[in-house]
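A quick note: this is a predicted structure, and the numbers were derived from the prediction, not measured. The figures that follow rest on heavy atoms only: side chains count, while hydrogens, waters and symmetry mates do not.
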Amino acid sequence: GRYADALASSGQGERAAEAYRAASVDATGSQRLDLERAAAAHFLRCGRLAEGAQLARRVAVGLGLDLDVTAGRMLGKITLERIRNRWRGMALAAAPSPHEGLLADACYSLSNGMAMIDLVRAAWFTSRGVRHALDSGAPDRAARALAMEAALLAGRGRAHTARARETLAQARAFATRAGDPSVLALTELAAGLVALQLCDYRATRDHCERAVAMFRTGVAGVAFEQHIAEYYALVADYWLGAWGRLAVNKQALVRVAEATQDRFARLSAKSGVGMIGDLIAGTSPDVLHAEIDAGLRAWPRPQAPAAYLRQLVAATMVDRYHGRDAAAVARLDAGWPHLTRTRALSSEQARGTLLALRAKAYLRVERFADARADARALRGIAAMSGPAALIEAAIAHVTGGDAAALLDEGIDACAAVGYEAYVAAARERRGRLRGGDVGAGARLVALDQASRLGLGDPDRAFDFLVPWA
C-alpha cells in the first residue's frame, strides 16, 4: 500500500486506485477492506465510475452498509442518522475501537468518492461516519467526519446554518486536540465549504486560500482535498468579480491536472463557473463545448449528477457569453428535471448559480414571465438579492418599466456582498439611463473597474452579467 499512498500523495489518483486494488488482492480481513475502500474512493474521484461503484458496494457489504436503496429511502436514512447523532451527543468515546475506526475511515473515503457522483449517498456516508468516528475514540477521525457533515448541513439552506456552524466548531475543537496538520487543513476547507453554501464568497475565498496554503506546507496525501479548495476559491473569485485572477489560477490547476493526469483536477478546472476564465481569454466556443462534451462522456449524467451540474453550468455560460441564449435555454430546460429528480439543486448555492444563468437566458429569448419567476426565486436565496434586482431591472428596461430604482437596489446589494463585476456592469447600465456628461462619467468609471477586475471584453462581460437592449 505504500506505493499507492505515494501515488495518491502526488495527485496521481487513477494510478493510485489501480495500485490500491492490486495490493488488496493479496491482503485479507480488515487490511483488504481498507485497501479496497481507498481504491474505490480514487476510482470514483477519477471518473472510473463502474469500477469505483463495484468496489464501493463490496466494501459497503463487508461493513454491513447498504448502497442499493432509492434516493428517497436514502434521505430517510440520512434523517435517521442525524437524529441518532444528536441523541448520542458529540462526546468522543473514552476507549479506542479499531473496528469503529475502520467503519469511520470507510464512510469518509466513500463519502469523498461519492461527492462528485451522488450527493445523497455521499451525505448518508458522511452522517453515518460521524457516529463511527466518535465511537472510534480518535479525535482526528471525529474532526474529519464533523467537518464534512458541517458542509453538508450548510448545503441544506439557511434553516440549518446554526447547526452547521455548531458542527464546524466541534470539528475544529477535535482537530486542535488531534494536532494533525492535514486535519487542521481539512477543517479550514470545511469552513470554506460552509461559507460557500451560505453564498458568503468573501469568507469562502479566505478559508479556501488558507486551506490550500496549509495543504501545501508539508501535508501528504491530500491532493484531492487541495484541488477541492482550489476549485472553490475559483468559484468565489467568479462571484467576487476577480476574473483576471481566476483565469491565472485556473490555468495553474489545469497544468497540475495535465502533469499528473488527475481527472478530478481537470474536471474542476474545466467545469462550473471557472469557465469564465476561458471565455475572457477568447477560447473558441466550439473548442469549449468539445471539452465539455468529453467531460460528460467521462462523467455521464445518469451516474454522476453532481458532475453533470458543473458541466451544465459551464456549457450554459459558453452559450450565454456568445449570445446563443436559445441554445442555453434549450440546454437548461432539458437538464433541469434531471437535476431536480436527483436533488442536485438542493444546495442554495448551486440553485442560485443556475437560476441566475437561466433568468438572463429567458430574458434574451423574451420569456419575460419565466425570467421574472426565476428572479423572484433568486430573492429567496442568501446573498442573491442583488443579481435578482439587476435581472428585474433588465426586464423592466426591455418591457418599458422603471429600471433605475432596481439598478440602484442591485448596485447597493451587490456591493454589500462583494460582487464587484455585477456592480461594474450595473453602473454602466445606470450611466446609460442617466445619459449626458454624468452618465458618460459613470460609464467610464464602470469600464475602469472592469479593467481592474480583469473582465476581458467589457461589452461581453456586461451583457453576460446584466443583459441590456
Provide the closest heavy-atom pair for [X] versus [Y] in the form atom of the first, atom of the second, distance.
| X | Y | value |
| --- | --- | --- |
| Ala171 | Thr187 | O-CG2, 3.9 Å |
| Ala314 | Ser271 | CB-CA, 4.0 Å |
| Arg202 | Ala416 | NH1-O, 3.0 Å |
| Pro305 | Ala344 | O-CB, 4.4 Å |
| Ala356 | Tyr422 | CB-OH, 4.4 Å |

Closer than 4.0 angstrom, basic N to acidic O: yes or no for [X] and [Y]?
| X | Y | answer |
| --- | --- | --- |
| Glu36 | Arg58 | yes |
| Asp278 | Lys250 | yes |
| Arg452 | Glu420 | no |
| Arg48 | Glu14 | yes |
| Arg21 | Glu51 | yes |

What's the separation between atom [atom1] in [X] and atom [atom2] in [Y], rounded to the nearest 0.5 Å?
| X | Y | atom1 | atom2 | value |
| --- | --- | --- | --- | --- |
| Leu357 | Tyr362 | CG | OH | 12.0 Å |
| Thr316 | Gln311 | OG1 | CD | 11.0 Å |
| Leu447 | Gln449 | CG | CD | 10.0 Å |
| Arg205 | Leu246 | CZ | CG | 10.0 Å |
| Leu312 | Arg358 | CG | CZ | 10.5 Å |
| Ile411 | Leu390 | CD1 | CG | 7.0 Å |

For Val398 and Ile395, run side chain to side chain contact (heavy atoms under 4.5 Å, CB included): C-alpha distance rounded to whole Å, both residues' side-chain angles, the deciding distance at 0.1 Å, then the answer.
CA-CA 5 Å; Val398 173; Ile395 297 169; 6.0 Å; no
Is a side-chain donor or acceptor of [X] paired with a backbone partner of [Y] at a separation under 3.5 angstrom?
| X | Y | value |
| --- | --- | --- |
| Tyr238 | Gly277 | no |
| Arg364 | Pro467 | no |
| Ser109 | Asp105 | yes |
| His42 | Ala38 | yes |
| Arg351 | Leu345 | yes |
| Arg379 | Met384 | no |

Applying side chain to side chain contact (heavy atoms under 4.5 Å, CB included), run through Leu433 and His397 and close with a yes or a no.
CA-CA 9 Å; Leu433 287 184; His397 178 65; 4.0 Å; yes
Taking C-beta and beyond as the side chain, do [X] and [Y] meet within less than 4.5 Å on heavy atoms?
| X | Y | answer |
| --- | --- | --- |
| Trp239 | Val417 | no |
| Val313 | Met275 | no |
| Tyr20 | Phe43 | no |
| Leu240 | Thr204 | no |
| Ile280 | Arg460 | no |
| Lys360 | Asp325 | no |
| Pro285 | Arg324 | yes |
| Thr353 | Gln349 | yes |

Glu166, CD atom: more than 12 neighbouring heavy atoms under 6.0 Å:
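Count over threshold, so yes.
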Side chains of residues 289-296: which donor-acceptor partners sit under 3.5 Å, not counting sequence neighbours?
unit_1	atom_1	unit_2	atom_2	d
His289	NE2	Asp319	OD1	2.9
Glu291	OE1	Lys270	NZ	3.3

Set out, in order, the CA-CA distance, both residues' side-chain angles and the distance that settles side chain to side chain donor-acceptor pair (under 3.5 Å) for Gln226 and Tyr231, then state yes or no.
CA-CA 9 Å; Gln226 181 178 322; Tyr231 170 74; over 6 Å; no
Assess whether side chain to side chain contact (heavy atoms under 4.5 Å, CB included) is satisfied between Leu339 and Leu354, documenting all intermediate values.
CA-CA 11 Å; Leu339 295 176; Leu354 277 170; 3.7 Å; yes
When you measure from the centre of the six-membered ring of Tyr108, is the NZ or CZ of Arg144 under 6.0 Å away and within 45° of the axis?
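Yes, Arg144 sits over the ring of Tyr108.
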Under the side chain to side chain contact (heavy atoms under 4.5 Å, CB included) rule, what do Ile381 and Cys199 come out as? Steps first, then yes or no, please.
CA-CA 9 Å; Ile381 296 175; Cys199 300; 4.3 Å; yes
Can you tell me how the ring of Phe464 sits relative to the ring of Trp243, calling it parallel under 30°, perpendicular over 60° and tilted otherwise?
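The arrangement is perpendicular - the two ring planes meet at more than 60°.
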Steps toward side chain to side chain donor-acceptor pair (under 3.5 Å) verdict (His207, Arg210):
CA-CA 5 Å; His207 287 300; Arg210 279 199 292 271; 3.2 Å; yes
